[in-house]
Amino acid sequence: MRTVTATHASRGFSDLLDAVEHGETIAITRAGHVVAEIRPATATTGRALREALAGVPRLDDDIERDIAAATALLTDERDDPWRVD
């Protein structure tokens with residue numbers, strides 16, 4: 001892993017992004033301490049979300065009714081007598 005100062009990173013950010021795009025991870029330091037790492041983004045497919053939700057209990061059958069009732073409590077801005085255009 002390459003390490004660069006924050007000053008160097010700010011002056012050559014485009015070059016750092018090129019390196020990261022090619023798989024390199026770069027540590028950014030300030031006052032001699034690592035404060036950040038820039039690394040390639042990981043591709044996501046939604047698999048982790050599906051796995052996390054697998055153990056969540058199913059919503060009850062009344063959820064649509066509950067949402068409709070809650071939405072009905074909201075006021076439409078077009079009907080707001082205090083609205084200033």
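The structure presented is a predicted model; accordingly, all values stated were derived computationally and were not measured.
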Checklist entry - Given the rule in the side chain to side chain contact (heavy atoms under 4.5 Å, CB included) test, do Ile28 and Leu16 qualify, once you have shown the distances and angles that lead to the verdict? => result CA-CA 10 Å; Ile28 311 296; Leu16 291 180; 4.2 Å; yes
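In this structure, CD1 on Ile26 lies 6.0 Å from CD1 on Ile38, to the nearest 0.5 angstrom.
Of all the heavy atoms in Glu24 and Pro40, the pair that sits closest is O-CD, 3.6 Å. The two residues Thr45 and Arg50 come nearest to each other via the heavy atoms O-NH1, 3.8 Å.
At distances below 3.5 Å, not a single donor-acceptor pair connects side-chain atoms of His33 with backbone N or O atoms of Thr29.
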Ignoring hydrogens and angles, write down the donor-acceptor pairs under 3.5 Å from the side chains of residues 62-69, residues two or more places apart or on other chains.
{"residue": "Asp62", "atom": "OD1", "partner": "Arg65", "partner atom": "NH2", "Å": "3.4"}
{"residue": "Asp62", "atom": "OD2", "partner": "Arg65", "partner atom": "NH2", "Å": "3.1"}

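Other members of a hydrophobic cluster containing Val34 are absent, since no ILVMFWY side chain comes under 4.5 Å of it, directly or through relayed contacts.
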